[in-house]
2 protein chains.
Amino acid sequence: MNQESRRALIRKLVASRGECSVEQLAVELGVSGMTVRRDLQALCEDGRLIRTHGGATLGERATFEFAFLDRVNKNQEAKTAIARAAVRLASDARSVMLDGSTTTLAVARQLRGRSGLTVITTSLPAAAQLQHEPGIDVLLPGGYIRSASPDLTGSLAETNLELLRAEIAFLGADAVDDRGNVFTNPPDNSAVLLKMAASAQRVYVVADHTKLGKPALRRFGQLTQWAGLITDEACDPDFVDQLQQLGIGVIVAPFE
Amino acid sequence: MNQESRRALIRKLVASRGECSVEQLAVELGVSGMTVRRDLQALCEDGRLIRTHGGATLGERATFEFAFLDRVNKNQEAKTAIARAAVRLASDARSVMLDGSTTTLAVARQLRGRSGLTVITTSLPAAAQLQHEPGIDVLLPGGYIRSASPDLTGSLAETNLELLRAEIAFLGADAVDDRGNVFTNPPDNSAVLLKMAASAQRVYVVADHTKLGKPALRRFGQLTQWAGLITDEACDPDFVDQLQQLGIGVIVAPFE
DNA sequence: ACAAGTATGAACAGAAATGAACTGAATGTC
DNA sequence: GACATTCAGTTCATTTCTGTTCATACTTGT
């Protein structure tokens, strides 16, 4: 029994029973619980099942569900703080753009309950969060769904974003250095991000404190061109000073 | 009973009864009231139900989700049979269009495992089903997410569909009458359906036996214009005869 | 055959879930 | 409007689960 067939069998067992415990799977497959956990983690990252404490279940993907992504989310507290600050900035906006990062997903969650708002987003989880909000229209620009993460990319997305306009855009960054350069990691789609930035009157970069002060692979913009950075209060104050001396607006969101 | 399935069960119980008390849930689930409270809070934060004093009621979002799941689960066997026949017709197609009906969602499920395929769909659940298939590219035409059902509509969707082409399209119908007229119920988006039909080389209407022999509110097409109808073996043979005498191709899919 | 990389399992430390007890808030009753 | 009752939410202890780390076995490519 190799890894691949074992994982296939786990998928089958979970699919047929709807739910399996780690221990149960370990006994049935004749491997240790540790191995089962690693398998479940891998399958969960692929979105093939939903990890639970003690086991795994089948997601209700008959509906448009991306809730399982929330659990993968790191630094939830910081992102929620940033999101609260972000929606405050957008309090009178009637159109908001959100990219496909996990930080902007937190923004989407904070937008719930708003009315008279159109949200343009490439993020399918954000769309799922907002689809049933009575006061919010969700507009997807279309495009290919990236296999690595549930958001839209490609020339169709770019072309459509050129035709759309929003009052404010929130873009997630994988890294921000002390010169105000904003980075993303491939295979992230910097082209789509740039189209979003070009189509919004005000552009804020959202990045929690773990993203600050280091570069990443692909530079896609400069904070001096945009409205500023929103980060959380666990960040380094010296870093914030440096950016502010460059004339960059920095908003430090407090925790609850 | 782990957390995930317990919360799923709570959702079901609240959905079926409209309202549940904390104490009632605690007894039925065999957990403490404290655990129920924590579950309810989590579900409430996700917008899945509305917390009340002493219990919880159904929120708007949950209402939509369960209404959609009901539709998905209706005549599941027939829809699966139709879907199997559909993917056989599309066995050498490299591009497939799927609309947002529950029958075409079954087609999406049957497409899993295929490779070298691009699926163009307005259905967000279908997209969710296929997003992790390594051999399948999922292309969304964009547009507004309808509030009543999770699919895309609006002029953006229509414009983009005009630019796209597929070898074969499967469109769900709410009704097919004995003259070959194909109907949809408002607020279904017949404009998007027509754009899909116009952009595909072969167009099949998929409709289980409960949809046959009756009209619905909005006529959006005629089977004689298209490649034919796929239905299931529980249909009325006389009805099939009538359509065939009009020169319409009818495929009757057998159950497993 | 050898070496590099991968998979596996054991042990342990940290995290999460749960329930009990307690305090504070909301609702209903008189 | 005051009181009683019920409910909610915090805190803490207990249990269970998770994931890191490390050592070993296995697989794969050269």
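Numbers restart at 1 for each chain; the letters A, B, ... are given by sequence-line order, proteins then strands. Atoms considered below: every heavy atom in the structure, side chains included; atoms not considered: hydrogens, waters and symmetry mates. These figures come from a predicted structure and were not determined experimentally.
Under 3.5 Å, the side chains of A:Arg112 and A:Gln129 contain a donor-acceptor pair of N or O atoms.
With a 6.0 Å radius and a threshold of 12 heavy atoms from other residues, nucleotides or ligands, A:Glu23 has its CD atom at or below the threshold.
The nearest whole Å value for the distance from the CZ atom in A:Arg6 to the P atom in C:dT6 is 16 Å. With rounding to whole Å, B:Arg38 atom CZ is found 14 Å from D:dC12 atom P. The CG-C1' distance, from B:Asp39 to C:dA17, rounds to 10 Å in whole Å. Rounded to whole angstrom, the span from the CD atom of A:Gln41 across to the C1' atom of D:dT18 amounts to 9 Å. Atom NE2 of B:His53 and atom P of C:dG24 are 19 Å apart (whole Å).
Atom CD of residue B:Glu19 and atom CD of residue B:Gln24 lie 9.0 Å apart, to the nearest 0.5 angstrom.
Residues from residues 22-37 of chain A placing a heavy atom under 4.0 Å of any atom in DNA chain D, listed by number, are A:Val22, A:Met34, A:Arg37.
The pair B:Asp39-B:Arg6 meets the salt-bridge criterion, with a side-chain N (NZ, NE, NH1 or NH2) lying under 4.0 Å from an Asp/Glu carboxylate O. With respect to B:Arg11 and B:Glu65, a salt bridge is recorded, a charged nitrogen being found less than 4.0 Å from a carboxylate O. The pair A:Glu28-A:Arg17 meets the salt-bridge criterion, since a charged nitrogen lies less than 4.0 angstrom from a carboxylate oxygen.
Heavy atoms of A:Ser21 sit nowhere under 4.0 angstrom from any nucleic acid atom.
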